[in-house]
A.B. asks: 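Got a structure for you, written out below as structure tokens; questions coming shortly.
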Amino acid sequence: MQPLVLGIETSCDETAIGIVRGRTLLANEIASSVDEHARFGGVVPEIAARAHLEAMLPSIERAVKTAGISLRDIDAVAVTAGPGLIGALLVGVASASGLAQGLGRPLYGVNHLASHVSVDYLTHSDPLEPTIALLVSGGHSSLLQVDDITGSITKLGATMDDAAGEAFDKIARIMGVGFPGGPAIDALAKSGKVNAIDFPRGLTTSNDWQSRPFDFSFSGLKTAVARYLESTPDYAKGDVAASFQEAVVDVLLLKALAACKQTGIDSLVIAGGVAANSRLRELAEQRCEKAGIQLRIPAPALCTDNGAMVAALGSLLVSAGRAPAAAAFDADSSLPVTTINLR
Ligand code: KG4
Ligand code: ZN
């Protein structure tokens, strides 16, 4: 029998509940406080935590109703234990442990980043591993080697400054085109030329390829765009958006494909909020096809934060016979990507 797992995600501004049976998605409810943060140009932790408290019970009720199950049917509860905003994470962990204890079911404290990657299992049934994973979100940008999504993730590289999503958000803020910036830039870029402005690709000199082949840096690009905007008062927004986006996407894919080549792994998963980017998806398809690499990118709605990904990883952990967490555990705002779940 496939395990019925409820997943709770509260690491940032989405209160998200997912319910899966095995690898089948039954419900994916998301209540976002993004509108309350928009006027601040970024997520305000206090506001996010308070919004999670308000949204938690109604979201669980909606998810249970959508899935057509009863809470008593659930075999296990999974919750994001980190990384993320500590106050926001704590609301999820406290709610999940109350639910698990009340139902007398095991509780899994799972890693947000591994969850982003594992959501692919809801779409593809053939084995994912071994695979290279390009994880690109608002808080993280990493290249990972995934040998076993429930037991072995190795970090090959990560950003040395901003995350890719953060770069999108910052440039969008400077251009005054809205928050979160990713979707805004993605839309604007459709009216611009990708090669209108030659923006720099971070960490791609021959020295960098020797010493930091799988690390990223977006701060130089951010500064170059800011300088361009300052010195070009009548700039074309579409061209800036398209050229900036191209610089980010180009370097992400260059390094992801280099990781595939070096490890001899011919499979790539792209996950996290930035994986919703239409140009990244398009260019990844072209380049992977040319390089003979099997590419998987979850549907855009499953790339940004959601509860289905937490439930998916929970379900995989149950099926693999991994032990649940001890009775009580703390959320960890800087949980390393290599810790897939808390014991
Ligand atoms: O994974 P996610 O939902 O939350 C974190 O774990 O951080 O990622 C959010 C990030 C934001 O920075 C947002 O601007 C970015 O993903 N994002 C995008 C797109 N949609 C969301 N970036 C580029 N293009 C998009 N279409
Ligand atoms: Zn995320």
Side-chain angles (χ1 to χ4, degrees), residues 7-16 18 28 30-34 37-38 41-43 45 48 79-85 88-89 92 110-120 133-142 144 158-159 162-175 177-190 192 194 216 218 221-222 241-242 244-253 269-284 297-310 312-313 333-335 337:
I8 299 181
E9 152 63 36
T10 64
S11 69
C12 193
D13 57 343
E14 268 92 26
T15 313
N28 192 24
I30 301 182
S32 177
S33 60
V34 66
H37 307 286
V43 175
V79 62
T80 302
L85 303 170
L89 287 168
V110 306
N111 189 301
H112 180 77
L113 308 174
S115 299
H116 268 303
V117 177
S118 66
V119 78
D120 179 75
L134 171 64
L135 179 85
V136 273
S137 71
H140 295 83
S141 296
S142 324
L144 311 171
T159 182
D162 291 348
E166 205 177 346
F168 273 93
D169 295 337
K170 285 181 178 168
I171 294 304
R173 189 159 60 206
I174 303 176
M175 290 172 67
V177 296
F179 174 83
I185 299 264
D186 194 345
L188 256 183
K190 295 197 192 303
V194 298
F216 303 105
F218 298 108
L221 170 62
K222 203 179 60 193
F244 158 75
Q245 176 174 275
E246 196 71 6
V248 175
V249 166
D250 182 31
V251 81
L252 289 176
L253 291 174
V269 178
I270 308 185
V274 181
N277 184 268
S278 62
R279 181 63 179 157
L280 177 59
R281 300 174 79 93
E282 177 184 53
L283 211 56
I297 315 182
L302 294 178
C303 289
T304 45
D305 288 350
N306 63 80
M309 66 191 208
V310 178
L313 183 51
S333 61
S334 52
L335 189 67
V337 65

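Only this structure's heavy atoms are used, side chains among them; waters, hydrogens and symmetry mates stay out. All ligand and atom numbering here is 1-based and tracks the order in the structure.
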A.B. asks: For side chain to side chain contact (heavy atoms under 4.5 Å, CB included), just list the numbers for I171 and F218, CA-CA rounded to whole Å, side-chain angles, deciding distance to a tenth of an Å, and then say yes or no.
C.D. replies: CA-CA 11 Å; I171 294 304; F218 298 108; over 6 Å; no
A.B. asks: I need the atoms of ligand 1 closer than 4.0 Å to a non-hydrogen atom of G165, numbered in the order shown.
C.D. replies: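 Near G165, meaning under 4.0 Å from one of its heavy atoms, ligand 1 has 12 (O).
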A.B. asks: For F168 and ligand 1, does the shortest N/O to N/O distance drop below 3.5 Å?
C.D. replies: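 No; every N/O pair is 3.5 Å or more apart.
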A.B. asks: Near the Zn ion (ligand 2), which protein N/O/S atoms are found at less than 2.8 Å?
C.D. replies: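 Checking every protein N, O and S atom gives H112 NE2, H116 NE2, D305 OD1.
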A.B. asks: Measuring from the heavy atoms of H116, does anything fall under 4.0 Å of ligand 1?
C.D. replies: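 H116 counts as a contact of ligand 1 under the 4.0 Å cut-off.
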A.B. asks: Hey, could you give me the CZ/CG distance between F216 and L134, rounded to the nearest 0.5 Å?
C.D. replies: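 Taking CZ in F216 and CG in L134, the distance rounds to 5.5 Å.
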A.B. asks: Considering only protein heavy atoms, which is closest to atom 14 (O) of ligand 1, and at what distance to one decimal place?
C.D. replies: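 Checking every protein heavy atom, the shortest distance to atom 14 (O) of ligand 1 gives D169 OD1, 2.7 Å.
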A.B. asks: How far is atom 26 (N) of ligand 1 from its nearest protein heavy atom, and which residue and atom name does that atom have?
C.D. replies: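 Of the protein heavy atoms, D186 OD2, 2.9 Å lies nearest.
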A.B. asks: Could you tell me whether a side-chain N or O of S115 sits under 3.5 Å from a main-chain N or O of L313, the two making a donor and an acceptor?
C.D. replies: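 Checked: no pair found.
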A.B. asks: Short question: side chain of H116, backbone of C303 - any donor-acceptor pair under 3.5 Å?
C.D. replies: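 Yes, because the side chain of H116 sits within donor-acceptor range (under 3.5 Å) of the backbone of C303.
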A.B. asks: Would you compute the distance between atom NE2 of H37 and atom OG of S33 and round it to the nearest 0.5 angstrom?
C.D. replies: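 The OG atom of S33 is 3.0 Å from NE2 of H37, to the nearest 0.5 Å.
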A.B. asks: For H140, is the nearest heavy atom under 4.0 Å from an atom of ligand 1?
C.D. replies: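 Per 4.0 Å heavy-atom rule, H140 does not contact ligand 1.
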A.B. asks: Which value, rounded to the nearest 0.5 Å, describes the distance between L188 atom CG and F244 atom CZ?
C.D. replies: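 Those atoms lie 11.5 Å apart.
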A.B. asks: Begin from the C-alpha positions of V269 and L144 and carry the test side chain to side chain contact (heavy atoms under 4.5 Å, CB included) through to its verdict.
C.D. replies: CA-CA 10 Å; V269 178; L144 311 171; over 6 Å; no
A.B. asks: For the CG atom of L113 and the OG atom of S137, what is their distance to the nearest 0.5 Å?
C.D. replies: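 It comes to 6.5 Å.
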A.B. asks: Using a strict 4.0 Å cut-off to heavy atoms of G138, name the atoms of ligand 1 that fall inside it.
C.D. replies: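 That gives atoms 5 (C), 7 (O), 8 (O), 9 (C), 10 (C), 12 (O) of ligand 1.
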A.B. asks: For atom 6 (O) of ligand 1, which protein heavy atom lies nearest, and how many Å away is it?
C.D. replies: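 Ranked first by proximity to atom 6 (O) of ligand 1 is H112 NE2, 3.1 Å.
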A.B. asks: Could you grab the distance from atom CG of D162 to atom CG of L221, nearest 0.5 Å is fine?
C.D. replies: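 Answer rounded to 0.5 Å: 9.5 Å.
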A.B. asks: With V117, which of V337, N111, L135 fulfils side chain to side chain contact (heavy atoms under 4.5 Å, CB included)?
C.D. replies: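 Exactly one candidate clears the test, L135.
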A.B. asks: In terms of residue, atom name and distance, what is the protein heavy atom nearest to atom 24 (N) of ligand 1?
C.D. replies: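 I find the closest protein heavy atom is N277 ND2, 3.0 Å.
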A.B. asks: Looking at ligand 1, does C12 have a heavy atom less than 4.0 Å from it?
C.D. replies: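 Judged by the 4.0 Å heavy-atom criterion, C12 does not count as contacting ligand 1.
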A.B. asks: Nearest to atom 21 (C) of ligand 1 by heavy atom, G273, G182, S278: which?
C.D. replies: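 It is G273 whose heavy atom sits nearest to atom 21 (C) of ligand 1.
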A.B. asks: Check each of D186, V194, D250 against Q245 using the side chain to side chain contact (heavy atoms under 4.5 Å, CB included) test, and report the only one that passes.
C.D. replies: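 The single option meeting the side chain to side chain contact (heavy atoms under 4.5 Å, CB included) with Q245 is D186.
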A.B. asks: I'd like to check whether G272 has a polar contact with ligand 1, where a contact means an N/O of the residue lying under 3.5 Å from an N/O of the ligand.
C.D. replies: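 In fact, backbone or side chain, G272 has no N or O that close.
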A.B. asks: Quick one: look up the protein heavy atom nearest atom 2 (P) of ligand 1 and list residue, atom name and how far away it is.
C.D. replies: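 For this ligand atom, the closest protein heavy atom is D305 OD1, 3.3 Å.
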A.B. asks: Tell me, do V310 and I8 make a side-chain contact under 4.5 Å, heavy atoms counted?
C.D. replies: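 A side-chain contact is absent here, since even the closest heavy-atom pair is not under 4.5 Å.
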A.B. asks: Which atoms of ligand 1 are found less than 4.0 Å from any heavy atom of G139?
C.D. replies: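 By the 4.0 Å cutoff, the relevant atoms are 7 (O).
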A.B. asks: CG/D120 to CG/L302 distance, rounded to the nearest 0.5 angstrom?
C.D. replies: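 It comes to 9.5 Å.
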